[in-house]
Number of protein chains: 2
Amino acid sequence: MGDLLTIGKAAEQAGLPPKTIRYYQEVGLLPDGQRNEAGYRLFSAADIRRLRLVRRAKILGLPLREIKDLASLAFDESCGAFEQRLDELIAARLADVERTISELLDLQQELLGLQETLQSRSSCGACRADECEACHLIDD
Amino acid sequence: MGDLLTIGKAAEQAGLPPKTIRYYQEVGLLPDGQRNEAGYRLFSAADIRRLRLVRRAKILGLPLREIKDLASLAFDESCGAFEQRLDELIAARLADVERTISELLDLQQELLGLQETLQSRSSCGACRADECEACHLIDD
DNA sequence: CGTTGACCTTCCAGCAACTGGAAGGCCTAT
DNA sequence: ATAGGCCTTCCAGTTGCTGGAAGGTCAACG
């Protein structure tokens with residue numbers, strides 16, 4: 001329970017690079033914790049859990065500012081509040097993911113169409129694409 | 001043919017904000033062109049076409065550095081070279097889009113699973129999520 | 001002729017979320 | 001004692017803009 005890790009081990013446990021952990025501490029995602037007499041940061045098991053929560057929360061696509069709030073809910077407030085917020089966030093993220101998927105499907109169609117156009121016509125090969133009548137791909 | 005536009009009109013024609021056009025010029029996507037005696041930038045029809053190509057090329061998900069190369073192909077090299085490169089880029093982008101879509105589908109499943117877990121169990125509501133045995137969503 | 005308002009110029013700062021590197025302290029092993 | 005591997009801080013750079021300040025220009029209106 002009382003075994004504290006230096007940043008390298010903590011990074012390994014949390015699945016994040018040391019630099020990122022320092023950065024997270026700097027911006028308040030993780031509270032400034034203990035140091036040993038040499039000034040080395042020391043991380044508790046709770047710190048590691050918090051870092052892992054942060055890492056996992058990134059699948060929700062949140063900016064760090066909001067992940068910070070979420071971590072506060074989990075670590076400083078009640079389990080109920082955390083779950084409610086998490087539920088909202090998951091719903092929002094799902095909507096977002098769906099929208100993105102359909103945008104990508106549209107893009108895919110557009111690219112396929114472009115690819116076909118490109119292959120089904122013969123390039124003059126001699127002009128600059130800028131000037132070629134046939135090379136209207138530019139404005140398309 | 002000889003009618004040149006100031007940046008505001010050019011921006012309108014190209015579908016890009018003036019600031020962005022200045023930025024593109026700064027980073028070399030558009031060559032530094034003419035100025036009037038007051039120092040105002042002036043844009044030709046070819047400039048507008050080039051800006052439009054740049055804007056369109058963003059659906060290929062390229063960094064500006066590569067869009068710059070692509071624009072050079074279209075405007076300074078032959079139509080054939082441009083089309084070949086375009087073909088490669090479209091293929092690469094298609095692969096990328098497909099990969100992203102399938103990642104998002106996976107993510108969607110994961111979120112749906114999480115949502116279900118969250119709703120199918122009763123929260124104790126009293127503890128902090130950090131400590132609650134049941135609230136293992138954190139590490140999941 | 002003056003002045004208002006819209007336009008243009010340059011330069012500087014900041015966004016998000018890190019990442020890389022320099023310069024230096026600490027700790028262990030050989 | 002010295003080599004290496006870890007740790008510290010601070011500063012700069014990434015990508016593609018975007019916002020704002022301070023100031024020049026231009027057309028129109030009174």
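Quick caveat, the model's predicted, so the values are computed rather than measured. By convention in this document, chain letters (A, B, ...) are assigned in the order of the sequence lines, proteins followed by strands, and residues within each chain are numbered from 1.
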In whole angstroms, the gap separating P of dC7(C) from CZ of Phe43(B) amounts to 16 Å
Quick one: Leu60(A) CG to dA17(C) P, roughly how many Å, whole number? 13 Å
Is there side-chain contact between Ile67(B) and Tyr24(B), with at least one heavy-atom pair below 4.5 Å? no
Criterion salt bridge (Lys or Arg N to Asp or Glu O under 4.0 Å) on Arg56(B) and Glu110(A), from CA distance to verdict: CA-CA 12 Å; Arg56(B) 291 261 317 145; Glu110(A) 194 175 356; 3.3 Å; yes
Which whole-number value in Å describes the distance from Lys68(B) NZ to dT15(D) P? 12 Å
Is the distance from OP1 or OP2 of dC7(D) to the nearest side-chain N or O of Lys19(A) less than 4.0 Å? no
Taking Arg50(B) for the side chain and Leu29(B) for the main chain, is one N or O donor matched with an acceptor at less than 3.5 Å? yes
Considering all heavy atoms, the nearest Leu104(B)-Val97(A) contact: O-CG1, 3.6 Å
Is a side-chain N or O of Arg41(B) found less than 3.5 angstrom from the main chain of Arg22(B), in a donor-acceptor match? no
Round to a whole Å and report the spacing from NZ of Lys9(B) to P of dA27(D). 11 Å
Grab the NZ-P distance between Lys58(B) and dG16(D) for me, whole Å please. 9 Å
Can Ser72(A) and Asp69(A) be counted as having a side-chain donor-acceptor contact under 3.5 angstrom? no
Side-chain heavy-atom pair Leu42(B), Leu5(B) within 4.5 angstrom cut-off: no
Taking every heavy atom of Ile59(B) against every heavy atom of Arg93(B), the minimum-distance pair comes out as O-NE, 2.9 Å
Residues of residues 20-31 of chain A with a heavy atom under 4.0 Å from any atom of DNA chain D, listed by number, are Arg22(A)
Rounded to the nearest angstrom, tell me the gap between atom CG in Leu4(A) and atom C1' in dC7(D). 16 Å
Counting only heavy atoms not in Gln84(B), do more than 12 fall under 6.0 Å of its CD? no
When we call it a touch if two heavy atoms are under 4.0 Å apart, what does Pro18(A) touch: a base, just sugar-phosphate, or nothing? nothing
Degree of bending in the helix from dC1(C)-dG30(D) to dT30(C)-dA1(D) once both end axes are built from five pairs, to 10°: 30°
Near DNA chain D, which residues from residues 33-42 of chain A have a heavy atom under 4.0 Å away? Arg35(A), Gly39(A), Tyr40(A), Arg41(A)
Could you check whether any side-chain heavy atom of Ile7(B) comes within less than 4.5 Å of a side-chain heavy atom of Tyr40(B), counting everything from C-beta outward? no
List the atom of Glu98(B), the atom of Gln108(A), and the distance in Å for their closest heavy-atom pair. CG-NE2, 3.3 Å
Roughly how many Å is it from CD1 in Ile7(A) to C1' in dT19(C), rounded to a whole number? 14 Å
